[in-house]
Amino acid sequence: MPQPGGWQADSKLFEDLTGAAFEGCMSCQDVLLTLLVEDAVTTARLVELACGAIIDLEGDLPASQIDPDVPGKASPEFRRLARAGLGKSTDGMYRECGQMSSPERRAAANTALDTLVGYAALNR
C-alpha cells in the first residue's frame with residue numbers, strides 16, 4: 001500500500017494485525033507484531049493511522065501523545081514517532097521508525113494498536 005512520500009507498507013500484514021487487534025486475539029497479535037516490527041514502514045504506517053484517529057477525534061495530537069515529559073499512557077517510542085510526523089508531511093515518522101530497534105518499534109506499535117482499538121470503541 002503506497003503511502004505519501006512513496007513509502008510502501010505491507011498491506012496484508014497490516015490488515016491481519018489490525019484485524020487480530022479488533023478481534024481481541026492476543027496470541028495472533030503477538031505473532032503478527034513480531035513480523036511487523038521487522039518492517040519499519042508498516043510499523044510507521046500503523047502509528048500514522050493511530051495519530052490520525054486521535055486527530056479526527058480530538059482535533060489535534062495532545063501533549064500526552066507527543067511530549068515525553070507529559071503524563072500519559074502512550075509509550076515514549078510512540079511519542080517519538082508522533083513528534084517526528086508533525087508538520088506538512090509524515091515522512092519524518094517513517095525515517096525515524098527506520099532508525100528504531102525492533103523492541104522500540106514494538107513499543108510504538110503496541111501503543112498504536114491500543115489507540116486504534118480504543119478510539120474505534122468510542123465511535124461505535
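If you're wondering where the values come from, they're calculated on a predicted model, not measured in any experiment. The first residue of the sequence shown is numbered 1, and numbering continues consecutively from there.
- Residues meeting the side-chain hydrogen bond (donor to acceptor under 3.5 Å, both in side chains) test with N110, sequence neighbours left out: none.
- For S102, the side-chain hydrogen bond (donor to acceptor under 3.5 Å, both in side chains) test picks out E38, with sequence neighbours left out.
- Shown here for L32 and A20, the closest heavy-atom pair between the two residues is CD1-CB, 4.1 Å.
- In this structure, the side-chain contact (heavy atoms from CB on, under 4.5 Å) partners of A44, at least two apart in sequence or on a different chain, are M93, Y94, C97.
- At a threshold of 4.5 Å between side-chain heavy atoms, the hydrophobic network of Ile, Leu, Val, Met, Phe, Trp and Tyr places V31 and L46 in two separate groups.
- Listed for the T43 side chain is a donor-acceptor partner under 3.5 Å among the backbone atoms of L36.
- Residues forming a side-chain hydrogen bond (donor to acceptor under 3.5 Å, both in side chains) with D30 (at least two apart in sequence, or on another chain): R106.
- Summarising the geometry of A74 relative to T111, their closest heavy-atom pair is CA-CG2, 3.7 Å, with the distance given to 0.1 Å.
- Listed by first and then second residue, the side-chain hydrogen bond (donor to acceptor under 3.5 Å, both in side chains) pairs involving residues 53-72 are E58-Y119 (not counting sequence neighbours).
- Here the CG-CG distance, from L33 to L113, works out to 5.5 Å after rounding to the nearest 0.5 Å.
- Contacts of R80 classified as side-chain hydrogen bond (donor to acceptor under 3.5 Å, both in side chains), with partners at least two apart in sequence or in another chain: E96, E104.
- Residues satisfying the side-chain contact (heavy atoms from CB on, under 4.5 Å) criterion with I55, sequence neighbours excluded, are L61.
- Grouping the Ile, Leu, Val, Met, Phe, Trp and Tyr side chains by contacts below 4.5 angstrom, directly or via other members, places F78 with L86.
- The minimum heavy-atom distance between R79 and P71, with the atom names listed, is NH2-C, 3.9 Å.
- The distance from atom CD of Q29 to atom CG of D16, rounded to the nearest 0.5 Å, is 12.0 Å.
- The disulfide bond (SG atoms under 2.5 Å apart) analysis of residues 26-60, with sequence neighbours excluded, yields the pairs C25-C28.
- The nearest pair of heavy atoms linking A107 to E77 is CB-OE1, 3.3 Å.
- Scored by the salt bridge (charged side-chain N to carboxylate O under 4.0 Å, His left out) test, D39 finds no partners at all (sequence neighbours excluded).
- Going from atom CG of L49 over to atom CD1 of I54 covers 11.0 Å, rounded to the nearest 0.5 Å.
- Of the possible polar contacts, none joining the T42 side chain to the F14 backbone as a donor-acceptor pair under 3.5 Å is found.
- Looking at every heavy atom in both residues, R105 comes nearest to G98 through NH1-O, 4.2 Å.
- Neither M100 nor V37 shares a network with the other; the hydrophobic side chains, linked directly or stepwise wherever heavy atoms of I, L, V, M, F, W or Y lie under 4.5 Å apart, form separate groups for each.
- V70 and L81 end up in different hydrophobic clusters when Ile, Leu, Val, Met, Phe, Trp and Tyr side chains are linked at under 4.5 Å.
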